[in-house]
Amino acid sequence: MYDIKALYQAASVADAVALRLAHPSAQIIAGGSDVLVQMREGRRAGAELISIHGLRELQGVSLDGDGTLRIGSLTTFSQITRDPLIQTHVNVLGEAVDQVGGPQIRNIGTIGGNTCNGVTSADSASTLFAYDAVIELTGPEGVRRQPIQDFYIHAGKVDLREGELQTAILIPRESYENTFGHYIKYAMRSAMDIATLGTSVNVRLSPDKRTVERARAAFGVAGPVPLRAVCAEALAAGQPVSPDLAQRFAQAVKEDIHPRDSWRAAKDFRLHIAVECAKRAFLEAVKLAGGAL
């Protein structure tokens, strides 16, 4: 069923880097929910694989000394959804990844694999964009960190350099503190389906809950890579909370997104649902933040 030329098991991150350098054409495999499917379909026949499955140093969620939320790249979707730190600080991320596939996929699929695929439909991606996530990469030159917006190059392509692997996803404290978000996945089915559009919105309100101090909005499947709706964000900043603001915020996202026609949905339909999802996600985020509408 699986045409594998060789399988190398990394014993540590340093060992994985060495294996990547020794076998530059080899594919990293973690949970295998994407790679093994591709191999079964014949798209990676005769592949060399480097398994990082089981590296405990890349698993789990923790807080760094400066309050940065650190999510190990081998943390599964199920673990993220259940993690107390995620539930406390970025609950919307847990809700987003809980919409990936079915329970079996969520139990083996990892957030590192989800982002390293570089696909715009990844359910984790829009929320990570909306929270200014930073990708931690470890390679022969050591550790480098890159904003997620720069990590995605084009559809299916991310900035992984020779010998590197992704080791963590970081969410800065200033991005999640006093911030509440909501994610909406629009798909033809309620489960086991790829998003036709993914919308993630978060807001930070003033102490009296009457003014939007900051808003963030990001979309998947609204362009070749996930993207931020910066015009909508700028429009909402400093404005009084109101249903009218939600409507204007939603209309403004059309200035930033670039959906296309595909067999899943027409461009015009994606524009329509982007506006509606942005409005609904904004209203829900405001409610979660304690705002009155």
Side-chain angles (χ1 to χ4, degrees), residues 61-71 80-81 83-98 123-134 147-149 169-186 197-220 222 226-257 273-293:
V61 182
S62 61
L63 282 177
D64 289 347
D66 62 357
T68 296
L69 191 67
R70 170 180 291 270
I71 307 169
I80 289 171
T81 299
D83 188 88
L85 288 172
I86 295 292
Q87 292 175 353
T88 299
H89 299 297
V90 198
N91 193 46
V92 60
L93 180 60
E95 294 174 346
V97 301
D98 200 41
D123 285 302
S124 67
S126 54
T127 295
L128 293 173
F129 268 67
Y131 277 87
D132 301 302
V134 175
I148 194 168
Q149 291 92 334
I169 295 171
L170 312 173
I171 301 179
R173 181 175 179 175
E174 58 268 22
S175 294
Y176 69 75
E177 194 169 43
N178 299 321
T179 301
F180 299 83
H182 186 60
Y183 174 75
I184 297 175
K185 176 179 181 176
Y186 185 95
L197 187 85
T199 306
S200 189
V201 175
N202 64 70
V203 301
R204 180 179 299 153
L205 300 184
S206 59
D208 63 7
K209 308 300 183 184
R210 294 182 179 180
T211 304
V212 176
E213 287 189 351
R214 194 199 76 175
R216 296 287 185 267
F219 291 87
L227 51 83
R228 287 269 292 275
V230 294
C231 291
E233 294 174 359
L235 180 147
Q239 296 299 306
V241 171
S242 70
D244 176 67
L245 176 62
Q247 184 63 42
R248 290 187 289 116
F249 173 86
Q251 290 293 329
V253 305
K254 292 189 291 187
E255 300 181 44
D256 297 296
I257 62 176
I273 60 175
V275 171
E276 185 62 27
C277 288
K279 182 177 73 174
R280 294 186 186 189
F282 180 87
L283 290 170
E284 183 61 26
V286 168
K287 290 178 183 177
L288 291 170
L293 291 165

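Quantities reported herein were computed from a predicted structural model and do not represent experimental measurements.
At distances below 3.5 Å, not a single donor-acceptor pair connects side-chain atoms of Asp64 with backbone N or O atoms of Asp66. The backbone N or O of Ala292 lies less than 3.5 Å from no partner atom in the side chain of Lys209, so there is not a single donor-acceptor pair.
In this structure, Cys231 and Gln251 have side chains that are not in contact, with every pair of non-hydrogen atoms separated by 4.5 Å or more. Side-chain contact between Leu245 and Phe282 is present, with heavy atoms from C-beta onward closer than 4.5 Å. The shortest distance between side-chain heavy atoms of Tyr131 and Leu69 does not fall below 4.5 Å. Ile171 is listed as a side-chain neighbour of Leu128, based on a closest heavy-atom distance under 4.5 Å. Contact of the Glu233 side chain with the Val230 side chain is registered, since non-hydrogen atoms from C-beta on lie closer than 4.5 Å. Side-chain contact check for Ile71 versus Ile86: some heavy-atom pair is nearer than 4.5 Å. Under the 4.5 Å side-chain criterion, counting only non-hydrogen atoms from C-beta, Gln149 is in contact with Phe129. The shortest distance between side-chain heavy atoms of Asp132 and Arg228 falls below 4.5 Å.
Judged purely by distance below 3.5 Å, without hydrogens or angles, the side chains of Ser242 and Asp244 never pair a donor atom with an acceptor atom. Between the side chains of Tyr176 and Asn202, no donor-acceptor pair of N or O atoms lies under 3.5 Å. No hydrogens or angles considered: nothing links the side chains of Ser126 and Ser200 as a donor-acceptor pair under 3.5 Å.
For the pair Leu227 and Ala222, the tightest heavy-atom approach, listed with the atom from each and the gap, is CD2-O, 3.8 Å. Pairing each heavy atom of Ala215 with each of Val203, the nearest pair is CB-CG1, 4.2 Å. Of all heavy-atom pairs between Ala217 and Val201, the closest is CB-CG2, 4.1 Å. Counting all heavy atoms, side chain and backbone alike, Arg204 lies closest to Thr179 at NH2-OG1, 3.0 Å. Closest heavy-atom contact between Ala278 and Val253: CB-CG1, 4.0 Å. Taking both residues in full, the closest heavy atoms of Ala133 and Ile169 are given as CB-CG2, 4.0 Å, listed atom of the first, atom of the second, then distance.
Here the rule is side-chain hydrogen bond (donor to acceptor under 3.5 Å, both in side chains) with Asn91, and of Glu95, His89, Gln87 only Glu95 fits it.
Annotation: the span from Arg248 atom CZ to Lys279 atom NZ amounts to 13.5 Å, rounded to 0.5 Å. Distance check, rounded to the nearest 0.5 Å: CG of Asp123 to NZ of Lys185 gives 4.0 Å. Atoms CG and CG, from Leu93 and Asp98 in turn, are 11.0 Å apart once rounded to the nearest 0.5 Å. Separating the CG atom in Leu293 from the CD atom in Glu284 is a distance of 10.0 Å, to the nearest 0.5 Å.
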Checklist entry - Does the pair Asp256 and Phe219 meet the rule for a side chain to side chain contact (heavy atoms under 4.5 Å, CB included), with working shown? => result CA-CA 10 Å; Asp256 297 296; Phe219 291 87; over 6 Å; no
Checklist entry - Can you list the steps and then say if Leu205 with Phe180 is a side chain to side chain contact (heavy atoms under 4.5 Å, CB included)? => result CA-CA 9 Å; Leu205 300 184; Phe180 299 83; over 6 Å; no
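Within 6.0 Å of CZ in Arg214 there are more than 12 heavy atoms belonging to other residues, nucleotides or ligands.
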